[in-house]
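Counting starts at 1 for both ligands and their atoms, following the listed order. This is a predicted model, so every value here is computed, not measured.
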Amino acid sequence: MPPFLPENTLCIATSNKGKLREIKNLFAYYSFNIHIISTDEFDYVAPEENGRDFAENSCIKARYASQLTQLACVADDSGLCIDALDGQPGIHSARWALNEGNFDNAMKKIFRLLEEKNALTQAQRKAFFVCNLALAIPNQDIENFEGLCEGYISSKMSGDNGFGYDPIFVPHSYNNNNQRSFADMQNAEKRVLSHRHKAFEKLCQFLRHHNV
Ligand code: ITT
């Protein structure tokens, strides 16, 4: 029987170095017997993300990469959703940073908007990260896997690890009494708690089910 994944290879479709590092680490941690490559090895320019939600956007990216490479491709669409800001920046998380010039400015904008709303307590600053992973395999139906991580927006940036909005997001966790942000955590600790890991666990189950 031919392998479930063409060339026994899975290609990670992203132009975001932080995501790529985390997804590669997840594949290494779960030790699959497949080749993991990324769209860095191809002439890949991310397509326009004009979907209405995370799932539509991850499908757009995975399908596009799979057509380009003729390989099984995993794409990640993710973002930070803040209750007091009606779920923003949400699917526009990357765009906010682009429009503001960088992530520091985007995080400052979030602080400013929350202050304007007088959202000062942890409960008022509730937020969650979402990750939707899409798996596109040539000539097969596309699959989606989603994970969430709940927490709140801190009052100042903290930590040098991770990427993107990690310095202002404090995940809820039994051993996070001292309110560390994702950027304060080592890779392994973020990996366990993260939205990306939760989506990845579902992807793993699917791959194992198909004897990958
Ligand atoms: P690709 O589409 O090429 O994968 P992107 O950066 O444009 O890269 P998205 O459209 O999914 O990716 O945007 C997600 C945004 O949310 C992006 O700005 C990330 O930095 C941020 N983000 C996603 N997961 C995150 C995490 O675990 N920690 C911090 N920020 C995160």
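Ligand-side atoms of ligand 1 in range of S93: 15 (C), 16 (O), 18 (O), range being under 4.0 angstrom from any heavy atom. Remark: ligand 1 atoms within the under-4.0 Å shell around heavy atoms of K61 are 1 (P), 2 (O), 4 (O), 9 (P), 10 (O), 11 (O). Every atom of ligand 1 is numbered from 1 in the order shown, and the set under 4.0 Å from a heavy atom of S78 is 11 (O), 13 (O), 14 (C), 15 (C), 16 (O), 23 (C), 24 (N). Taking every non-hydrogen atom of D77 and a distance limit under 4.0 Å, the qualifying atoms of ligand 1 come out as 9 (P), 10 (O), 11 (O). Under a 4.0 Å criterion applied to the non-hydrogen atoms of F103, ligand 1 contributes the atoms 18 (O), 20 (O). Of all atoms in ligand 1, numbered sequentially from 1 with element shown, those under 4.0 Å from a heavy atom of T14 are 1 (P), 3 (O), 4 (O), 8 (O). Per-residue contacts place K190 under 4.0 angstrom from the following atoms of ligand 1 (heavy atoms of the residue considered): 26 (C), 27 (O), 28 (N).
Judged by the shortest distance from any of its heavy atoms, F129 lies inside the 4.0 Å radius around the atoms of ligand 1. Ligand 1 does not have F169 within reach: every non-hydrogen atom of the residue lies 4.0 Å or more from it.
In terms of protein heavy atoms, atom 3 (O) of ligand 1 is closest to S15 OG, 2.7 Å. Atom 13 (O) of ligand 1 has as its closest protein heavy atom A94 CB, 3.4 Å. The protein atom (non-hydrogen) at minimum distance from atom 24 (N) of ligand 1 is R196 NH2, 2.9 Å. The nearest protein atom to atom 10 (O) of ligand 1, hydrogens excluded, is given as E49 OE1, 3.0 Å; this is a heavy-atom distance. Counting only heavy atoms of the protein, atom 28 (N) of ligand 1 lies nearest to D166 OD1, 2.6 Å. Taking atom 30 (N) of ligand 1 as the reference point, the nearest protein heavy-atom neighbour is Y165 N, 3.1 Å.
The only option from D184, N161, D166 that meets the side chain to side chain donor-acceptor pair (under 3.5 Å) definition with K190 turns out to be D166. Between I168 and the choices K108, M157, R125, the side-chain contact (heavy atoms from CB on, under 4.5 Å) rule is met once, by M157.
Within a 6.0 Å sphere centred on NE2 of H209, other residues, nucleotides and ligands contribute 12 heavy atoms or fewer. Within 6.0 Å of the CG atom in N178, the count of heavy atoms belonging to other residues, nucleotides or ligands exceeds 12. Around atom CG of N139, no more than 12 heavy atoms belonging to other residues, nucleotides or ligands sit under 6.0 Å away. By the neighbour-count criterion of 12 heavy atoms within 6.0 Å, atom NZ of K126 is sparsely surrounded, having that number or fewer from other residues, nucleotides or ligands.
A salt bridge between D77 and K19 is absent, with no side-chain N of the basic residue lying under 4.0 Å from a carboxylate O of the acidic one. Residues K202 and E146 are not paired through a salt bridge, judged by the lack of any N-O separation under 4.0 Å between the basic side chain and the carboxylate.
Considering backbone and side-chain atoms together, K19 places an N or O closer than 3.5 Å to an N or O of ligand 1. Taking any N or O of H195, backbone or side chain, at least one lies under 3.5 Å from an N or O belonging to ligand 1.
Among N16, D76, L20, the residue whose heavy atom sits closest to atom 19 (C) of ligand 1 is N16.
Aromatic pair F182/Y165: ring centres not closer than 6.0 Å.
In this structure, I23 is a member of the same hydrophobic cluster as I137, with clusters built from ILVMFWY side-chain heavy atoms closer than 4.5 Å. Y29 is connected to V212 through a chain of hydrophobic side-chain contacts under 4.5 Å among Ile, Leu, Val, Met, Phe, Trp and Tyr, so both are in one cluster.
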